[in-house]
Visitor: 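Please read through the structure below; I'll follow up with questions.
Side chains are part of it too, since the values below use all heavy atoms of this structure and drop only hydrogens, waters and symmetry mates.
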Protein chains: 2
Amino acid sequence: MVNVEQVLKDHQIRPTAIRLLMYRFLTESEVALTLNDIESGFDQSERTTLYRTIKTFEKKGLVHQIDDGTGVAKYALDRPVAGKQAEQDLHLHFHCTSCNETLCLTDHKIPHISLPKGFVTEDMNLVIKGVCEKCSGQ
Amino acid sequence: MVNVEQVLKDHQIRPTAIRLLMYRFLTESEVALTLNDIESGFDQSERTTLYRTIKTFEKKGLVHQIDDGTGVAKYALDRPVAGKQAEQDLHLHFHCTSCNETLCLTDHKIPHISLPKGFVTEDMNLVIKGVCEKCSGQ
DNA sequence: AAATAAATGCAATTTAAGTGCATTATTGTC
DNA sequence: GACAATAATGCACTTAAATTGCATTTATTT
């Protein structure tokens, strides 16, 4: 069991009630969540507060935003890979066109790609669209 | 010089004035364009018409939409690769965080990635963020 | 406990995307 | 070429997500 309060503090995030709740909520989700998803997970909550909370998490490196092509931003926890750090945001994402869910394939790294002269890579974003194992029934 | 009218017809698109103009406009652009970019390129034009035109082009396989993470859709012509077809939309895109431009790196294909059992790939989308050769000055 | 700084709640704005419908233009048929 | 049928266009409007302003509340520092 992780000490959520400590995790937030470690990232210079003040552990307020809502932040603790949201962090736990994100922890429990297998898939990336939209702001709407998050909003639905809370009884009484201001959309704006949730928005700013997730943005704070993002800025502080707790979550990453995923653009899966649906036009709505989704967010998922940065789940540290055992032994590694920092390059963890170079994993790829899978978007299921059937159930509309998007998930991190944390141990599928994006292969290195060499670009033409002059191009400097800062970040990479790979989204694979298709049918997930739940929906393909395989 | 390509016969634009014929290109449209080949894709079952009626060659109206606006469509011919927009196709030429897209041809002349090195980078992917937002709807706003396109709108700015025309003197008198209805946003809606341009919107529906680009969507028609997309449906008929003349252009592809690019989601570069800025939250605004961009569009670029499907420029057929000599000798190949169909798999041409598996090239990758580069988004420059300096000039905000996005371009197709047509001859950089997305490498094959093997997914866990049950996952079926239908489409892939790779966007590399960084600094382009114009902005890096290299 | 007071002063300071940050987080929250609510209202409102911005912006892109998309729809409905009447009008206009284009195409196919006679 | 005229006419009917079909599609494209223009304009107004709606939807939905993202984002900001500001007053209020809560937490932190001294």
Visitor: Please give, in whole Å, the distance from D:dA7 C1' to B:R52 CZ?
Guide: 11 Å
Visitor: Grab the OH-P distance between B:Y75 and C:dA16 for me, whole Å please.
Guide: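 It is 12 Å, rounded to the nearest whole Å.
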Visitor: 5'-most contact on DNA chain C: A:T56 or B:A73, nearest heavy atom basis?
Guide: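 With A:T56 and B:A73 compared, the 5'-side residue is A:T56.
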Visitor: Give me the ring orientation class for A:F42 and A:F25: parallel if the planes are under 30° apart, tilted from 30 to 60°, perpendicular past 60°.
Guide: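 Ring orientation, 0 to 90° scale: tilted.
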Visitor: To the nearest angstrom, how far is A:L8 atom CG from C:dA6 atom P?
Guide: 17 Å
Visitor: Expected output is a numbered-order residue list: members of residues 13-23 of chain A with a heavy atom under 4.0 Å from any atom of DNA chain D. What is it?
Guide: A:R14
Visitor: Given atom CD of B:E46 and atom P of D:dG10, what is their separation to the nearest angstrom?
Guide: 6 Å
Visitor: Rounded to whole Å, please give me the gap between CD in A:Q12 and P in D:dT28.
Guide: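 Rounded to the whole Å, the gap is 15 Å.
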Visitor: Measure from CG on A:N36 to P on D:dA18 and round the result to the nearest Å.
Guide: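 In whole Å, D:dA18 P and A:N36 CG are 8 Å from each other.
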Visitor: Return the value, rounded to whole Å, for the distance between atom CG of A:D37 and atom C1' of D:dA17.
Guide: 13 Å
Visitor: Looking only at the side chains, is there a donor atom on one of A:H93 and A:T102 sitting less than 3.5 Å from an acceptor on the other?
Guide: no
Visitor: For the residue pair A:C96 and A:C132, what are the closest heavy atoms and their distance?
Guide: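 Closest approach of A:C96 to A:C132: SG-N, 3.4 Å.
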Visitor: Think B:T48 has a side-chain N or O under 4.0 angstrom from the OP1 or OP2 of D:dG10?
Guide: no
Visitor: In whole angstrom, give the distance that lies between atom NZ of B:K55 and atom P of C:dA17.
Guide: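 B:K55 atom NZ is separated from C:dA17 atom P by 8 Å.
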Visitor: Run the salt bridge (Lys or Arg N to Asp or Glu O under 4.0 Å) test against B:K55 and tell me which residues pass, sequence neighbours left out.
Guide: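 With sequence neighbours excluded, B:K55 shows a salt bridge (Lys or Arg N to Asp or Glu O under 4.0 Å) to B:E58, given in chain and number order.
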Visitor: Quick one: are A:L26 and A:L62 in side-chain contact, heavy atoms under 4.5 Å?
Guide: no
Visitor: For the aromatic rings, using the six-membered ring if either is Trp, is the centroid distance between A:H64 and A:H91 under 6.0 Å?
Guide: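 When the ring centroids of A:H64 and A:H91 are compared, they turn out to be within the sub-6.0 Å range.
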